[in-house]
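Report on the structure given below.
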Amino acid sequence: MARAAPVGRPATAGSSEAIRSPRARTGGARSVRLLNVRVAAAIVRVTARGQFSRYGGPAVSTTDRFESELATMAGVDHALAVNSGTSALICALVGAGIGPGDEVLVPAYTWISSAAAPIAVGAVPVLVDIDESLTIDPVALDAACGERTKAVIAVHMNNLVCDMDAITAVAAERDLRVVEDACQAVGVTYRGRRVGTIGDVGAFSFNQHKNVTSGEGGAVLTDDPVIAARAAMYHDVGSYIRPREVVGEVPVFIGQNARMPELSSAMLRPQIARIDEQLRRRAHRRRILVEAMESSTSFEGTLVEHRSPDDAVALAVRFDDPATAERFARKRGVTRLIDSGRHVFTNWQPIQERRTHHPNVDPWAGHDVDYSADRYRATLETLERSCTIGVPPQVPATAFRALALDLFR
């Protein structure tokens with residue numbers, strides 16, 4: 001697929017103490033307040049117009065405009081707005097032609113949607129260990145490939161990016177589709193390219209906790225017109241009557257309803273327009289954290305190596321043993337990753353129990369897959385020794401510098 005356009009160097013974040021700090025809250029950020037005003041104004045315009053669905057109104061809807069602006073920001077030919085990151089992953093897999101009988105490689109550390117999406121299209125998720133970057137291990141990825149492997153979902157967790165050069169090399173050798181789960185890394189770059197645009201197809205999420213948010217929402221990104229057409233068809237059960245581009249010999253098929261409403265698109269447009277400004281603030285605060293860590297004489301951990309240091313907007317630290325990591329997390333109010341629970345594969349109850357909505361829907365039939373803790377011990381041991389340090393970009397730099405020094409004292 002065509003390479004996405006390079007973007008300027010972006011910019012990360014720190015402790016949960018920063019979020020709680022009255023100093024951080026009252027310091028505020030004028031740019032954040034201004035952005036909130038723009039979001040509110042966009043909502044008012046849609047409400048005044050009275051058109052809340054992208055179809056049935058003016059020729060160019062708010063969602064049409066959002067898709068165009070998102071594609072431009074990301075540097076891709078096609079962007080499809082949907083109602084969640086999970087829907088984006090499902091539509092991406094449908095677009096890539098993944099279905100029953102296929103196996104999809106998924107990291108053992110991610111939100112359950114990364115593993116649930118293959119099941120939703122009839123495929124089987126096969127877990128792969130992460131390495132100390134906290135993203136999928138390319139060596140383990142290669143070793144996990146089998147005769148039925150058709151795709152890999154490369155997850156950029158916590159704004160930490162995967163080794164996309166190594167992953168795409170394995171995919172090319174093994175003839176795999178690369179689906180980028182950039183739900184937790186909207187706008188972030190890897191060696192000058194937006195994540196979500198490097199593989200065959202990417203997925204964004206806009207839920208409450210993401211870099212840009214409309215409460216819920218998502219998007220599919222690709223340069224491949226066939227993937228784009230299939231994803232669009234699947235996201236809208238009425239696609240056959242819509243004035244969308246028809247690509248070659250792609251036949252019409254039955255889809256679902258995962259359309260994004262106009263209010264969500266309205267909220268997202270001002271945020272996408274200012275995403276690079278937000279990322280620059282994150283990068284600046286990450287540098288403050290690194291400087292504080294390097295100047296500390298008592299900090300017992302090490303910085304988790306970033307796959308693309310010049311683009312780094314997030315920070316994680318690693319310790320020699322789980323007890324030291326647990327003590328640091330408890331005293332400093334940060335997250336030790338094994339304790340995040342819901343992102344650890346051992347806690348994905350429906351997948352561990354291999355249970356779908358109906359007993360006759362069993363994508364695992366005839367597949368030999370293992371989701372046991374013993375099989376992915378390397379992932380668990382890495383999570384036991386690692387902590388992420390997140391900092392909201394609106395925290396003023398002066399206040400944040402004091403917080404960073406306190407964090408690593």
Side-chain angles (χ1 to χ4, degrees), residues 84-130 135-155 157 162 167 170-171 174-181 183 199-201 203 218 220 227 230-231 234-235 253-256 258 340-380 383:
S84 72
T86 304
S87 294
L89 286 167
I90 294 169
C91 289
L93 290 169
V94 170
I98 305 303
D102 297 338
E103 294 182 352
V104 179
L105 303 180
V106 177
Y109 170 59
T110 180
W111 172 235
I112 191 173
S113 292
S114 307
I119 297 170
V121 301
V124 174
V126 175
L127 300 187
V128 178
D129 274 318
I130 61 170
T135 63
I136 195 166
D137 181 352
V139 175
L141 169 66
D142 188 44
C145 292
E147 292 182 0
R148 296 184 177 183
T149 308
K150 293 296 187 290
V152 53
I153 297 181
V155 183
M157 281 291 291
C162 299
I167 290 169
V170 171
R174 299 283 192 169
D175 193 24
L176 306 181
R177 291 288 204 174
V178 177
V179 178
E180 281 185 86
D181 181 341
C183 290
D200 295 288
V201 59
V220 181
I227 291 178
R230 287 177 55 85
Y234 191 76
H235 105 294
F253 57 82
I254 295 173
Q256 305 291 321
S340 66
R342 60 188 180 274
H343 294 102
V344 183
F345 73 97
T346 51
N347 296 318
W348 300 343
Q349 183 180 351
I351 291 176
Q352 287 291 344
E353 297 177 358
R354 307 188 189 200
R355 184 173 296 140
T356 65
H357 65 281
H358 191 281
N360 289 338
V361 178
D362 183 8
W364 293 277
H367 293 260
D368 183 17
V369 292
D370 183 359
Y371 300 143
S372 68
D374 287 342
R375 173 66 180 80
Y376 302 98
R377 180 56 55 189
T379 291
L380 297 176
L383 297 178

- Message: Could you report the tightest heavy-atom contact between R375 and D370, atom names first, then the distance?
- Response: CB-OD2, 3.5 Å
- Do V220 and Y234 come close enough that some side-chain heavy atom pair is under 4.5 Å? no
- Item | Shortest non-hydrogen separation from I227 to D200 and the atoms involved | CD1-O, 3.8 Å
- Is a side-chain N or O of W364 found less than 3.5 angstrom from the main chain of A123, in a donor-acceptor match? no
- Query: If you take all heavy atoms of I167 and C162, which pair is closest and at what distance?
  - Reply: CD1-CB, 3.6 Å
- Task: Drop me the distance from T379's OG1 to I136's CD1, to the nearest 0.5 angstrom.
- Result: 9.5 Å
- Query: Counting only heavy atoms not in R355, do more than 12 fall under 6.0 Å of its CZ?
  - Reply: no
- Could you give the distance from NZ (K150) to CG (L93), rounded to the nearest 0.5 Å? 13.5 Å
- About how many Å separate CD of E103 and CD of E147, when rounded to the nearest 0.5 Å? 10.0 Å
- Message: Any side-chain to backbone donor/acceptor pair from R174 onto D142? Under 3.5 Å, distance only.
- Response: yes
- Which heavy-atom pair separates A171 from V178 by the least distance, and what is that distance? CB-CG2, 3.3 Å
- With a 4.5 Å limit on heavy-atom distance, are the side chains of P107 and T135 in contact? no
- Distance, nearest 0.5 Å, that separates OG of S114 from CZ of F345: 14.5 Å
- Message: Ignoring hydrogens, what is the shortest heavy-atom contact between A151 and I98? Give both atom names and the distance.
- Response: CB-CD1, 3.8 Å
- Kindly say whether G99 contributes a backbone atom to a donor-acceptor pair with the side chain of D102 at under 3.5 angstrom? yes
- Between T356 (side chain) and V361 (backbone), is there a donor-acceptor pair under 3.5 Å? yes
- Query: Should D181 and S113 count as side-chain neighbours, where that means a heavy-atom distance under 4.5 Å?
  - Reply: no
- Given L127 and W348, is the side-chain contact (heavy atoms from CB on, under 4.5 Å) satisfied, shown in steps? CA-CA 12 Å; L127 300 187; W348 300 343; 3.7 Å; yes
- Query: Can you check whether V155 reaches Y109 side chain to side chain, under 4.5 Å on heavy atoms?
  - Reply: no
- Message: What I'd like to find out is whether the side chain of I112 reaches to under 4.5 Å of the side chain of R342, using heavy atoms alone.
- Response: no
- Would you give the length of the straight line joining atom CD1 of I90 to atom NE2 of H235, rounded to the nearest 0.5 angstrom? 13.5 Å
- Side-chain touch V344/L380, heavy atoms, less than 4.5 angstrom: yes
- Item | 4.5 Å side-chain heavy-atom contact, L383 and I130 | yes
- Query: Is there a side-chain contact between P350 and I119 (heavy atoms, below 4.5 Å)?
  - Reply: no
- Determine the minimum heavy-atom distance between T346 and Q352, stating which atoms define it. CA-NE2, 3.7 Å
- In Å and rounded to the nearest 0.5 Å, what is the CG to CG distance from L176 to L105? 6.5 Å
